[in-house]
Amino acid sequence: MIIPNANILKKGVLLYRSIRYRRGFGVHSPFVFNLITKVIEERCQYYSFHDIELIRRQLLFQKGEITYPDRRQKGKMRSRPIGRIVEREAIRPKHGALLFRLANYFRSKHILQLGPSMGLSTLYLTSYASDLKCIALENVPEFATIARIAFDKAARNPVDLRVGRYKDLLPKALDDMGQLDFVFFNTLYEQQNNGWLFEKCLKHVHANTIFVFEGIKASRKMREFWQEVCSHPEVTVTIDLYSMGIAFFNKKLHKKDYIVYF
């Protein structure tokens with residue numbers, strides 16, 4: 001019996017989604033339909049995108065090599081050139097553009113990011129306006145060094161970058177933030193604490209808060225965590241984009257989990 005490899009299975013799933021779940025087909029919620037057609041599927045290139053991608057290109061040619069934890073082999077370290085790390089770890093332009101559109105659509109002012117990696121996702125999140133408050137927590141010091149380069153070059157708003165274990169940093173960050181309008185969970189390097197981080201952030205949400213999760217299909221732990229998010233009683237609407245997940249908390253919305261091609 002021939003078992004298809006992971007890439008072939010993924011392509012098959014995405015092909016099915018592209019046929020079954022696009023352009024809001026079968027979605028009866030006006031809120032979700034507008035979100036799909038006006039935000040998720042929008043392809044407009046905003047002025048900030050070019051500037052951020054220019055920073056990406058500069059980082060790709062940044063000289064030097066750093067050693068950082070290997071996500072796939074716990075306890076081991078890996079050394080790579082900075083450009084190679086940016087290529088592998090930085091957010092994809094398509095995902096970054098979605099973060100920008102979501103923050104812009106919901107006019108998010110208080111933004112918390114867990115895991116900015118190379119800083120490019122933070123730039124996308126904070127570029128739509130100039131009066132935002134953003135705290136970014138990074139648990140890989142080597143990644144924080146690269147993120148600071150990106151912030152120094154192109155941050156439109158001051159970014160409060162804090163380095164250390166998420167469980168140590170999050171309580172103070174939540175107190176300093178007050179309320180949460182937008183939380184981006186890019187926590188592939190601390191998957192074992194996702195549930196704890198999620199519950200702590202839940203205490204600071206309001207009706208218009210949005211949570212976005214990167215890599216919801218990246219591993220078994222991430223898939224299980226996403227299912228926990230979907231089934232949580234405080235969560236009303238979730239949107240599964242395959243590579244990302246979005247959660248809402250507005251009690252006026254009927255509880256439902258949506259699958260959308262992205």
Side-chain angles (χ1 to χ4, degrees), residues 55-56 59 62 64-92 95-96 99 110-126 133-152 155 158-177 180 182-204 211-226 228-229 243-245 247:
I55 299 301
R56 184 194 302 273
L59 290 175
Q62 187 82 19
E65 186 174 277
I66 64 174
T67 301
Y68 64 102
D70 190 326
R71 174 157 43 95
R72 293 182 175 86
Q73 300 182 55
K74 191 173 181 180
K76 293 189 177 182
M77 304 296 287
R78 179 186 292 272
S79 294
R80 278 199 174 105
I82 292 176
R84 179 63 173 156
I85 297 171
V86 171
E87 183 180 7
R88 289 176 59 89
E89 302 290 344
I91 193 167
R92 293 165 52 192
H95 290 192
L99 293 179
H110 297 82
I111 299 172
L112 174 66
Q113 182 169 11
L114 301 170
S117 292
M118 309 298 112
L120 298 180
S121 54
T122 316
L123 295 180
Y124 273 108
L125 276 169
T126 59
K133 181 177 182 178
C134 177
I135 296 177
L137 309 183
E138 178 56 82
N139 66 343
V140 182
E142 296 80 8
F143 291 175
T145 300
I146 301 175
R148 287 193 178 96
I149 296 173
F151 298 158
D152 290 342
V159 178
D160 185 353
L161 177 61
R162 306 179 184 184
V163 183
R165 293 177 66 247
Y166 295 147
K167 292 187 76 170
D168 297 334
L169 298 174
L170 184 60
K172 180 66 164 58
L174 291 173
D175 288 342
D176 293 343
M177 186 67 75
L180 295 175
F182 197 119
V183 183
F184 179 44
F185 293 81
N186 186 19
T187 54
L188 293 175
Y189 279 88
E190 209 165 308
Q191 297 180 31
Q192 70 277 10
N193 293 322
N194 275 333
W196 185 89
L197 299 170
F198 175 67
E199 291 289 346
K200 284 292 183 182
C201 290
L202 272 180
K203 298 176 181 179
H204 295 260
F211 283 8
V212 178
F213 304 87
E214 177 75 13
I216 62 172
K217 310 288 186 184
S219 67
R220 178 179 57 81
K221 280 186 178 180
M222 291 301 293
R223 292 191 292 271
E224 291 174 351
F225 171 57
W226 176 243
E228 292 175 11
V229 171
S243 52
M244 302 176 84

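Distance check, rounded to the nearest 0.5 Å: CZ of Arg80 to CD of Glu87 gives 9.5 Å. Considering CG of Leu188 and CD1 of Ile216, their distance stands at 11.5 Å, rounded to 0.5 Å. Here CH2 of Trp226 is found 8.5 Å from NZ of Lys217. Values are rounded to the nearest 0.5 Å. Between the CD atom of Glu214 and the CE atom of Met244 there is a distance of 5.0 Å, given to the nearest 0.5 Å.
Taking the side chain as every heavy atom from C-beta outward, Pro69 and Val140 approach each other to under 4.5 Å. Contact of the Phe211 side chain with the Phe198 side chain is registered, since non-hydrogen atoms from C-beta on lie closer than 4.5 Å. In this structure, Lys172 and Asp176 have side chains that are in contact, with non-hydrogen atoms separated by less than 4.5 Å. You'll find the side chain of Leu114 reaches within 4.5 Å of the side chain of Leu170, heavy atoms only. Taking 4.5 Å as the limit, some side-chain heavy atom of Leu161 sits within range of a side-chain heavy atom of Phe151.
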Please test His95 against Tyr124 for side-chain contact (heavy atoms from CB on, under 4.5 Å), starting from the C-alpha separation and ending with a verdict. CA-CA 9 Å; His95 290 192; Tyr124 273 108; over 6 Å; no
Would Asn194 and Val229 count as a side-chain contact (heavy atoms from CB on, under 4.5 Å) if you check the C-alpha gap in whole Å, the side-chain angles of each, and the deciding distance to 0.1 Å? CA-CA 10 Å; Asn194 275 333; Val229 171; over 6 Å; no
Would you please test Val212 and Val183 for side-chain contact (heavy atoms from CB on, under 4.5 Å) and show each step? CA-CA 6 Å; Val212 178; Val183 183; over 6 Å; no
For Cys134 and Thr122, what are the C-alpha separation, side-chain angles and deciding distance, and is it a side-chain contact (heavy atoms from CB on, under 4.5 Å)? CA-CA 8 Å; Cys134 177; Thr122 316; 3.8 Å; yes
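Ionic pairing of Lys221 and Glu224 is not present here: no N-O contact between side-chain nitrogen and carboxylate oxygen is shorter than 4.0 angstrom. Contact check on Arg162 versus Asp168 returns no salt bridge, with no Lys/Arg side-chain nitrogen under 4.0 Å from an Asp/Glu carboxylate oxygen.
Considering all non-hydrogen atoms of both residues, Leu169 and Gly164 come closest at CD1-N, 3.4 Å. Nearest heavy-atom pair across Met222 and Gly215 is CB-O, 3.4 Å. What you find for Pro81 and Glu65 is that their closest heavy atoms are N-CG, 3.8 Å. The minimum heavy-atom distance linking Gln113 with Ser121 is given by the pair NE2-OG, 2.5 Å. Closest non-hydrogen pair, Cys201 versus Leu112, comes out as SG-CD2, 4.1 Å. Summarising the geometry of His204 relative to Lys200, their closest heavy-atom pair is CD2-O, 3.6 Å, with the distance given to 0.1 Å.
Between Phe213 and Phe225, the ring center distance clears the sub-6.0 Å criterion.
Asp160 places no side-chain N or O within donor-acceptor distance of the main-chain N or O of Ile135, the cut-off being under 3.5 Å. For the pair Glu199 (side chain) and Trp196 (backbone), a donor-acceptor distance under 3.5 Å is absent. Judged by distance alone, with hydrogens and angles left aside, the side-chain atoms of Arg56 form a donor-acceptor pair with the main-chain N or O of Ile91 at under 3.5 Å. Listed for the Tyr166 side chain is a donor-acceptor partner under 3.5 Å among the backbone atoms of Gly115.
Evaluation of the side-chain hydrogen bond (donor to acceptor under 3.5 Å, both in side chains) rule for Arg88 yields no partner, not counting sequence neighbours. Legend: residues meeting side-chain contact (heavy atoms from CB on, under 4.5 Å) with Asn193, ordered by chain and number and at least two apart, are Lys167, Glu190, Leu197.
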Only pairs under 3.5 Å count here: list side-chain donor-acceptor contacts from residues 142-149, not counting sequence neighbours, and write none if there are none.
residue, atom, partner, partner atom, Å
Thr145, OG1, Pro141, O, 3.3

